[in-house]
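The basis for the numbers below is simple: all heavy atoms, side chains too, and nothing from hydrogens, waters or symmetry mates. For reference, positions follow the sequence shown, starting with 1.
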Amino acid sequence: MLLIALVAVGCSHDVTLDDIRAMQAAGQMKTSVQPLRDMVDAKTDDPEVYFLYGRALSAIGEHDAALWPLRRAMESEDWLVPAGMQFANNAFDTGNNETAIDVLDKVIEVSPEEVSAIVLRARARIESRKNVELALADADLALEIDPD
C-alpha cells in the first residue's frame, strides 16, 4: 500500500525495479507506467526498464506508444525474445501483420523452438493473405516441435 501511495503522490523516483516487477506481477500495469516513464526519462540504459515499460503500455491499450520502448529492449540479446513477442503481439493486434512477421522472424532466428512465435507468425501470414504456404510450413513446424 505504501508503494502505491508513493506512486500516487508523485514519488515514483523512490520506486525500484523490484517494486515495478511486483506491481506488474500483481496486475498493476497502469500503476507501473509513471515510475517506468521516470526511469526512461532519466536516460536509463537498462533494457528491462524498456521492456517493462512497453509491456505496461501494451496492457493498458497504448499499443502504438509501446512499440518504441519494446524496440529499444529488443536491442539487448537477453530481451529480444520477450520484447519481440510483445512487439509482435501488438503489431498483430493492430493489424500490422507485416511488421509482426518481420519481428517474429528475428525472434525465431535467435530462439528457433519458440512455438508461440512460430504460431503467431503463421497467424500473421494468414491474416496478411500472403505466403499461405509459409503459414502452413509454420504450422507444421509448430506441430513438429510441440505435437500437443
Side-chain angles (χ1 to χ4, degrees), residues 1-128 134-135 138-139 141-148:
M1 292 303 252
L2 177 61
L3 176 63
I4 293 171
L6 284 173
V7 172
V9 297
C11 298
S12 58
H13 62 277
D14 295 333
V15 179
T16 68
L17 204 50
D18 286 336
D19 296 331
I20 292 169
R21 286 186 206 107
M23 281 181 220
Q24 290 195 358
Q28 299 171 341
M29 294 300 200
K30 189 171 186 174
T31 304
S32 72
V33 170
Q34 189 58 52
L36 286 163
R37 184 173 294 137
D38 292 344
M39 290 177 182
V40 167
D41 289 346
K43 307 281 190 237
T44 184
D45 288 329
D46 187 343
E48 184 180 8
V49 170
Y50 290 95
F51 168 69
L52 294 171
Y53 186 43
R55 183 170 72 174
L57 290 170
S58 299
I60 64 170
E62 298 290 333
H63 298 289
D64 290 336
L67 296 181
W68 76 265
L70 291 169
R71 188 171 298 279
R72 175 81 186 265
M74 287 173 58
E75 294 172 4
S76 165
E77 187 175 307
D78 293 337
W79 291 97
L80 180 108
V81 172
M85 287 301 299
Q86 184 66 62
F87 189 106
N89 274 297
N90 286 5
F92 181 78
D93 289 346
T94 59
N96 196 340
N97 297 307
E98 293 303 319
T99 299
I101 292 166
D102 291 343
V103 170
L104 290 163
D105 286 344
K106 293 175 187 172
V107 169
I108 294 165
E109 182 179 317
V110 299
S111 187
E113 300 216 353
E114 185 72 37
V115 173
S116 59
I118 296 166
V119 169
L120 184 57
R121 186 174 67 179
R123 291 178 60 205
R125 285 177 166 160
I126 289 169
E127 289 291 322
S128 72
L134 291 175
D138 279 343
L141 178 59
L143 287 170
E144 181 181 316
I145 294 168
D146 184 2
D148 294 328

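Applying the side chain to side chain contact (heavy atoms under 4.5 Å, CB included) criterion to E144, with sequence neighbours excluded, gives no partner residue. In this structure D18 satisfies the side chain to side chain contact (heavy atoms under 4.5 Å, CB included) test together with T16, R21, sequence neighbours excluded. Listed by chain and residue number, R121 satisfy the side-chain hydrogen bond (donor to acceptor under 3.5 Å, both in side chains) test with D105 (two or more places apart in sequence, or in another chain). Among residues two or more places apart in sequence or in another chain, the side chain to side chain contact (heavy atoms under 4.5 Å, CB included) test is passed with N96 by A91, T94, T99. Listed by chain and number, the residues in a side-chain hydrogen bond (donor to acceptor under 3.5 Å, both in side chains) with R55 are Q24 (sequence neighbours excluded).
The CE atom of M29 lies 14.0 Å from the OH atom of Y53; values are rounded to the nearest 0.5 Å. The CZ atom of F51 lies 6.5 Å from the CD atom of Q86; values are rounded to the nearest 0.5 Å. Atom CG of D46 sits about 8.5 Å away from atom CG of L52, to the nearest 0.5 Å. To the nearest 0.5 Å, atom CG of residue L143 and atom CG of residue D148 are 10.0 Å apart.
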Can I get a per-line list of side-chain donor-acceptor pairs under 3.5 Å for residues 108-119, giving both atom names and the distance, sequence neighbours left out?
{"residue": "E114", "atom": "OE2", "partner": "S116", "partner atom": "OG", "Å": "3.1"}

Output side-chain donor-acceptor pairs under 3.5 Å for residues 59-80, partner residues at least two apart or in another chain, one line each.
{"residue": "H63", "atom": "ND1", "partner": "N90", "partner atom": "OD1", "Å": "3.3"}
{"residue": "R72", "atom": "NH1", "partner": "Y50", "partner atom": "OH", "Å": "3.1"}
{"residue": "S76", "atom": "OG", "partner": "D78", "partner atom": "N", "Å": "3.3"}

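Screening residues 26-36 for salt bridge (Lys or Arg N to Asp or Glu O under 4.0 Å), with sequence neighbours left out, gives no hits.
Shortest non-hydrogen contact noted between I20 and S32 is CG2-CB, 4.1 Å. The shortest heavy-atom contact between N97 and A124 is CB-O, 3.6 Å. The nearest pair of heavy atoms linking A56 to L36 is CB-CD1, 4.4 Å.
Two residues are said to be in side-chain contact when any heavy atoms from C-beta on lie closer than 4.5 Å; M23 and V15 meet this criterion. Using a 4.5 Å heavy-atom cutoff, the side chains of N89 and S58 are not in contact.
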